[in-house]
2 protein chains.
Amino acid sequence: MQKTATQAPGLHRASLTKLNELDAALELMYYGWRGMTLAADEYLAALGLSRPHHRILYVVARRPDISIGALIEVLGISKQALNRPLGLLLERKLLVSKRSPEQHRSKLLRLTAAGQRIEQSASDHERKVLREAFDRVGAPGAAAWMAVMGAIADNN
Amino acid sequence: MQKTATQAPGLHRASLTKLNELDAALELMYYGWRGMTLAADEYLAALGLSRPHHRILYVVARRPDISIGALIEVLGISKQALNRPLGLLLERKLLVSKRSPEQHRSKLLRLTAAGQRIEQSASDHERKVLREAFDRVGAPGAAAWMAVMGAIADNN
DNA sequence: ATTCTCACGTCAACTAAGTTGACATTAGAA
DNA sequence: TTCTAATGTCAACTTAGTTGACGTGAGAAT
């Protein structure tokens with residue numbers, strides 16, 4: 001006998017009894033996160049990178065010449081936690097740091113062309129998932145999704 | 001000068017330039033997850049529990065008499081990874097295991113009354129966030145959110 | 001009745017991604 | 001010079017997982 005189709009490795013959807021009307025929504029939040037990031041994580045893993053590296057690339061792409069300290073603030077992690085992944089990105093020349101032009105004592109970070117390519121590809125994988133989902137529900141549905149997520153995100 | 005309002009500990013929203021139309025949606029997915037789970041995680045932490053424990057309680061609540069093997073399947077983790085948190089829940093008598101009534105060689109898991117209370121409280125914290133967000137957009141908005149998240153979750 | 005096998009349990013070593021604390025470096029500011 | 005702010009680094013720890021190896025207990029098979 002076959003082994004009853006072991007299926008996906010994570011939680012599979014719709015296998016649990018709903019005890020509450022909102023359980024389905026609750027579970028969708030779990031699966032949604034994974035659904036959005038799965039392809040990007042695979043892409044990154046193939047390059048020897050992972051989520052923390054992507055987070056750094058994502059932020060630096062949107063805040064060129066950000067200082068180390070500001071990056072730490074935005075990411076919400078300690079400088080020691082930042083050290084390893086940041087060091088790898090610098091070593092691989094996906095990121096460059098320069099001391100501030102004349103003034104300041106902080107180091108400013110910026111993506112290289114290679115870093116930009118990788119950041120864009122990884123984020124594209126995530127945006128593709130979103131775009132396809134939005135396409136299925138149309139602009140009003142997408143707007144509603146944004147409104148709901150905004151309200152949820154406010155609980156931070 | 002003040003220190004420019006050090007703000008929240010995580011990523012704070014809306015601080016990044018948008019390079020792409022979908023960047024806002026992408027970031028909402030990050031913040032949304034944290035927004036939904038924050039209160040629940042604090043509640044659990046106060047009890048000396050965390051997300052893995054909640055995941056176990058959540059699943060067992062919705063699949064009473066689930067076997068260890070099936071639980072491993074649903075959670076998508078190894079039996080070694082399950083061992084610690086499951087052991088704690090049994091030790092604290094939030095969960096009981098019994099060998100199957102007559103047949104089978106598997107152990108069946110079930111919540112105790114105390115386990116049910118905690119599972120419900122933790123999940124309630126998450127559902128409260130969802131409910132409030134849904135209330136702000138009305139039933140059609142909530143339905144659209146579900147549709148979008150369903151489409152995203154399908155990428156698993 | 002022994003043996004086989006399945007479900008479960010556990011030990012050890014490892015990885016990823018963080019944490020805190022302590023201390024060193026480096027370069028403007030006083 | 002000396003002070004201090006921004007950065008860098010070392011060590012020890014935590015959480016939440018991983019793989020591999022091996023042990024146990026009970027039903028099934030011969």
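Every heavy atom of this structure was used, including side-chain atoms; hydrogens, water molecules and symmetry mates were not. Just so it is clear: chains get the letters A, B, ... in the order the sequence lines come, proteins before strands, and each one is counted from 1.
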Point to revise | Close side-chain approach of A:Met36 and B:Leu26, heavy atoms under 4.5 Å | key: yes
**Study point:** Salt-bridge contact B:Arg136-B:Glu132 (side-chain N to carboxylate O under 4.0 Å)
**Key:** no
Review point. Got a salt bridge between A:Arg51 and A:Glu126, using NZ or NE/NH1/NH2 to carboxylate O under 4.0 Å?
Key: yes
Roughly, in whole Å, what's the span from [atom1] in [X] to [atom2] in [N]?
{"X": "A:Arg84", "N": "C:dT19", "atom1": "CZ", "atom2": "C1'", "result": "14 Å"}
{"X": "B:Glu91", "N": "C:dT10", "atom1": "CD", "atom2": "P", "result": "12 Å"}
{"X": "B:Leu88", "N": "D:dT15", "atom1": "CG", "atom2": "C1'", "result": "13 Å"}
{"X": "A:Asn83", "N": "C:dT20", "atom1": "CG", "atom2": "C1'", "result": "15 Å"}
{"X": "A:Ile77", "N": "C:dA17", "atom1": "CD1", "atom2": "P", "result": "11 Å"}
{"X": "B:Leu86", "N": "C:dT10", "atom1": "CG", "atom2": "C1'", "result": "13 Å"}
{"X": "B:Leu49", "N": "D:dT14", "atom1": "CG", "atom2": "P", "result": "18 Å"}
{"X": "A:Leu75", "N": "C:dG18", "atom1": "CG", "atom2": "C1'", "result": "13 Å"}

Identify the pairs formed between an N or O of the protein and an N or O of nucleotides 3-7 of chain D at a distance under 3.5 Å, and give each distance.
residue	atom	partner	partner atom	Å
D:dA5	O4'	A:Arg105	NH2	3.3
D:dT7	OP1	A:Ile68	N	3.2
D:dT7	OP1	A:Lys107	N	3.4
D:dT7	OP2	A:Gly69	N	2.7

Check your understanding: Looking at A:Val59, A:Leu89, A:Leu86, A:Asp65, which one forms a side-chain contact (heavy atoms from CB on, under 4.5 Å) with A:Leu109?
Key -> A:Leu86
Exercise for review: Determine, for A:Tyr58 and A:Arg62, whether the Lys NZ or Arg CZ falls below 6.0 Å from the six-membered ring centre while staying within 45 degrees of the axis.
Suggested key: yes
Practice item. For B:Lys93 and B:Glu91, indicate whether the former's side chain and the latter's backbone hold a donor-acceptor pair under 3.5 Å. Key: no
Point to revise | Heavy-atom donor-acceptor pair, B:Ser67 side chain to B:Leu108 backbone, under 3.5 Å | key: no
Exercise for review: Respond yes when some side-chain nitrogen or oxygen of A:Ser50 is under 4.0 Å from OP1 or OP2 of C:dA16, and no when none is.
Suggested key: no
Check your understanding: Can a side chain N or O of B:Ser78 be found less than 4.0 Å away from OP1 or OP2 on D:dT18?
Key -> yes
Review point. Which listed nucleotide (D:dT18, C:dG18, D:dA11) is nearest to the side chain of B:Gln80?
Key: D:dT18
Point to revise | Position toward the 5' end of DNA chain C (nearest nucleotide), B:Leu90 or A:Pro52 | key: B:Leu90
